[in-house]
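One structure is given below, encoded as C-alpha cells.
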2 protein chains.
Amino acid sequence: MRRTKLDKIDRKILRDLQANGRITNVELAKNAGISAPPCLRRVRALEEAGFIRGYHADLDEEQLGYGVTVFAFVGLESQAESDLVEFEKRVGRWPLVRECHMLQGETDFLLKVVARDLDSYNRFLTNELTAAPNVSHVRSAIGIRTSKRDVGVPIDPERPDEDLD
Amino acid sequence: MRRTKLDKIDRKILRDLQANGRITNVELAKNAGISAPPCLRRVRALEEAGFIRGYHADLDEEQLGYGVTVFAFVGLESQAESDLVEFEKRVGRWPLVRECHMLQGETDFLLKVVARDLDSYNRFLTNELTAAPNVSHVRSAIGIRTSKRDVGVPIDPERPDEDLD
DNA sequence: CTTGAAAAATGGCCCGA
DNA sequence: TCGGGCCATTTTTCAAG
C-alpha cells in the first residue's frame with residue numbers, strides 16, 4: 001500500500017495501459033518520454049501498489065453466444081452484514097453473474113448478468129436467483145444495446161487532481 | 001467476418017486471454033497444447049474476426065481518486081431513434097460516464113458513472129446530465145461496494161455450446 | 001540511463017492429415 | 001488445403017553496471 005503520489009508519467013502509463021493492455025513496454029516508454037527500464041519499474045510498482053488490478057482481453061459477448069445482458073436489482077429479506085456477505089458469496093459462484101454491486105436505498109444489489117438468450121436468463125432467474133435464500137424480490141432490466149463500454153476511469157495525465165465536474 | 005466455429009483450443013485461448021491479458025504467447029501456446037506460431041496465428045484471427053475487441057489494464061478506481069460509482073437510470077422525453085442516438089452521442093462525450101446501456105421498459109438508459117465523491121457526482125448530475133436536452137428524469141443508485149467484478153463472459157473450453165445456465 | 005544476455009514475437013518454410 | 005511444427009530473425013524484456 002505505497003501511497004506515493006502519481007506523477008504525470010505514471011498517469012500517462014496508466015492511461016496507455018488502460019487503453020491498450022498489450023502495449024509493449026518500449027512503446028509505453030516512448031509515449032511516456034522515458035527509456036524502457038525505468039518505465040517497466042514504474043509499471044511493476046503500480047501493479048505492486050494495487051493501482052493495476054490486472055489485465056484482461058475484452059471479448060465480444062454477442063459473438064461468443066451471450067446475446068443478452070440483464071441488470072437484475074435484487075432486494076434481500078435480511079440486510080444483516082452476515083446475510084449480505086452470504087449472498088455475495090453465492091453470487092460469486094454463478095458464472096452468469098459478472099458484476100455485483102451493493103447499492104444504497106431500497107434495492108440492495110445490482111447484478112450484471114449475461115445469458116445466451118432470454119430463455120436462458122429466465123431459467124437462471126427462476127431456478128437460481130429467485131430461489132436463493134434471503135432473496136426478497138428481483139427486478140430485471142433487459143439490455144437492448146450498449147453504446148458506451150469504456151473500462152475503468154478517466155485519466156488526464158496533465159490534470160493531477162482537480163476536477164471540473 | 002468469418003464465422004468459423006471455435007474449437008476447444010480457441011476457447012482455451014480466449015479464456016486465458018480474458019483472465020490474463022498480458023500472458024505471453026508462449027505460455028498461452030503451452031496451455032493450449034500447441035506451439036507458439038500457430039497459437040499467435042489463432043490470436044490474430046480471433047482479433048480479426050472480432051471475438052477480441054481489445055485489451056485493457058484493470059485499474060483500481062478508488063486508488064485513482066474515483067471513490068464513487070453511481071448507476072444512473074435516465075428516462076428521455078422522446079424515444080425517437082434519432083433522439084436516442086443524439087443522447088448516446090452526448091453521453092459519449094462525458095468522461096465520467098463509463099458505460100451506457102439502453103434498456104427495455106420505462107427507464108431508457110442505464111449509465112455507469114464514476115466520480116471523485118458525491119459532491120462531484122451531484123455537480124455532474126445537475127449541471128450535465130439533468131441539464132441535457134431531452135432528459136426527462138434521472139434516478140441515481142449509489143454504489144456502496146463491489147463484491148464481484150468479472151470481465152466478459154464465462155468460457156468453458158470443454159463445453160462448446162450447450163448451457164446449463 | 002545504458003548495456004547486454006535471455007526470452008518472446010513473428011515471418012518463412014516444410015510437413016502430414 | 002488447412003493448420004501445426006521447426007527454424008531464424010527481429011524485438012522486447014529485464015537484470016546489472
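Note on naming: letters A, B, ... go to the chains in the order of the sequence lines (proteins, then strands), and numbering restarts at 1 for each one. Side-chain atoms are counted along with the backbone in the values below, which use heavy atoms only and exclude waters and symmetry mates. As the structure is a computational prediction, the values presented were derived from the model and not from experiment.
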Rounded to the Å, how far apart are [X] [atom1] and [N] [atom2]?
X	N	atom1	atom2	answer
B:R42	D:dC2	CZ	P	14 Å
B:L40	C:dG11	CG	C1'	10 Å
B:D7	D:dG3	CG	P	9 Å
A:I23	C:dA8	CD1	P	20 Å
B:K8	D:dG4	NZ	P	14 Å
A:N25	C:dA6	CG	C1'	16 Å
B:D10	D:dG4	CG	P	8 Å
B:L28	C:dA9	CG	P	9 Å

Query raised in the report: Is A:E88 salt-bridged to B:R145, going by a charged N under 4.0 Å from an acidic O?
Result: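 A salt bridge is present here (some side-chain N lies under 4.0 Å from a carboxylate O).
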Query raised in the report: Do the charged groups of A:R22 and B:E47 touch, with an N to O distance under 4.0 Å?
Result: no
Of all the nucleotides listed ([options]), which has the minimum atom distance to the side chain of [X]?
X	options	answer
A:T24	C:dG12, C:dT2, D:dT12	D:dT12
B:V26	C:dA9, D:dT13, C:dT2	C:dA9
B:R22	D:dT13, C:dT2, C:dT10	D:dT13
B:P37	D:dG4, D:dA15, D:dC7	D:dC7
B:P38	D:dG4, C:dG11, C:dC1	D:dG4
A:S35	C:dT2, C:dT10, D:dC14	C:dT2

Query raised in the report: Within a strict 4.5 Å, meaning less than it, do heavy atoms of the A:L96 and B:P154 side chains meet?
Result: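 The answer is yes, as the side chains (C-beta and beyond) meet within the 4.5 Å cut-off.
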Query raised in the report: Side chains of B:D7 and B:R42: does their closest heavy-atom pair fall under 4.5 Å?
Result: yes
Query raised in the report: What about B:R41: does its side chain form a donor-acceptor pair under 3.5 Å with the base of D:dG4?
Result: yes
Query raised in the report: Within the side chain of B:R11, is there an N or O that forms a donor-acceptor pair under 3.5 Å with the backbone of B:L6?
Result: yes
Requested in this report: Please state whether the phosphate of C:dA9, meaning OP1 or OP2, lies under 4.0 angstrom from any side-chain nitrogen or oxygen of B:R44.
Outcome: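 For C:dA9, OP1/OP2 do not have a side-chain N/O of B:R44 under 4.0 Å.
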